[in-house]
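I have placed the structure first, in the form of structure tokens, so that the comments after it can refer back to it.
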Amino acid sequence: MGFATGGTTLISKSTELLGDINFDGNLEIEGRVKGNIFADAGSDARVRIMEKGFVEGEIRVPTVVVNGSVTGDVYAAKHIELAAKATVDGNVHYNMIEMVKGAQVNGSLVFSEKSDKTDAKNAFERAEAADIDSDMELAST
């Protein structure tokens, strides 16, 4: 798996960041983050939590690689890799998952299709339901 386009941000092992992060490109965490991590679901953004890295908060990034610790739910719209030393205390929502022997998830693994396909399907179903409702109204008059 290669790097996303754009810059790379490193939170080094001696750094503790308090607050939410909204980013594009690559984010590598060797230190501690206490806050939520977000990136646009349609982007190529990628976050890597390294072996000594720790995140306390929700992660919503298209591509996620965990080899450290996460306390909170993880939403990976494209791909998630749980490496050998990964520990996730929360639910993992994924479209495609790689899980190596030794990785731990203390929560549920929840398959979810890509959001753009799901949104299109939901929009079609809403439009179809509205059409059926209008046909029923015409039939009852």
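What you see is a predicted model, and the numbers here were worked out from it, not measured in a lab.
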Notebook entry, point to check: Could you walk me through whether Glu28 and Thr8 pass the side-chain contact (heavy atoms from CB on, under 4.5 Å) check?
Noted result: CA-CA 7 Å; Glu28 300 202 0; Thr8 298; 4.3 Å; yes
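- Under the rule for a side chain to side chain contact (heavy atoms under 4.5 Å, CB included), the partners of Asn22 that lie at least two apart in sequence or sit in another chain are Phe38.
- Shown here are the salt bridge (charged side-chain N to carboxylate O under 4.0 Å, His left out) partners of Arg32, two or more places apart in sequence or in another chain: there are none.
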Notebook entry, point to check: Step by step, would you call Ile21 with Leu27 a side-chain contact (heavy atoms from CB on, under 4.5 Å)?
Noted result: CA-CA 10 Å; Ile21 301 172; Leu27 175 62; 4.1 Å; yes
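- Residues that satisfy the side-chain hydrogen bond (donor to acceptor under 3.5 Å, both in side chains) test with Ser12, not counting sequence neighbours, are Thr15.
- The backbone N or O of Asp73 lies less than 3.5 Å from no partner atom in the side chain of Asn91, so there is not a single donor-acceptor pair.
- Between Glu56 atom CD and Leu18 atom CG the span is 9.5 Å, to the nearest 0.5 Å.
- Between Arg48 and Glu81, the closest side-chain pair of non-hydrogen atoms is not below 4.5 Å.
- Every residue was checked against the side-chain hydrogen bond (donor to acceptor under 3.5 Å, both in side chains) condition with Glu30, not counting sequence neighbours, and none meets it.
- To the nearest 0.5 Å, atom CD1 of residue Ile80 and atom CE of residue Met96 are 11.5 Å apart.
- One finds the CG atom of Leu82 at 5.0 Å from the CD1 atom of Ile97 (value rounded to the nearest 0.5 Å).
- Using cut-offs of 30° and 60° on the angle between ring planes, the pair Phe111 and Tyr94 is perpendicular.
- In this structure a side-chain-to-backbone donor-acceptor pair under 3.5 Å is missing from Asn36 to Asp20.
- For the side chain to side chain contact (heavy atoms under 4.5 Å, CB included) with Ile49, the qualifying choice from Val33, Ile29, Ile11, Asn67 is Ile29, the only one to do so.
- Of the possible polar contacts, one joining the Lys78 side chain to the Ser43 backbone as a donor-acceptor pair under 3.5 Å is found.
- The minimum heavy-atom distance between Ala39 and Phe23, with the atom names listed, is CB-O, 3.4 Å.
- Ile37 contributes atom CD1, which lies 10.5 Å from atom CD of Glu58 (distance to the nearest 0.5 angstrom).
- Considering only residues two or more places apart in sequence or on other chains, Glu51 meets the salt bridge (charged side-chain N to carboxylate O under 4.0 Å, His left out) condition with Lys85.
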Note to self: Assess the residue pair Val92 and Tyr75 against the criterion (side-chain contact (heavy atoms from CB on, under 4.5 Å)); give the C-alpha distance rounded to whole Å, side-chain angles, the decisive distance to 0.1 Å, and a yes or no.
What the structure shows: CA-CA 6 Å; Val92 175; Tyr75 297 82; over 6 Å; no
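- Criterion: ILVMFWY side-chain heavy atoms under 4.5 Å apart, direct or through other members. Under it, Val74 and Phe54 are not part of a common hydrophobic cluster.
- Qualifying side chain to side chain contact (heavy atoms under 4.5 Å, CB included) partners for Thr87, counting only residues two or more places apart in sequence or in other chains: Ser69, Asp89, Gln104, Asn106.
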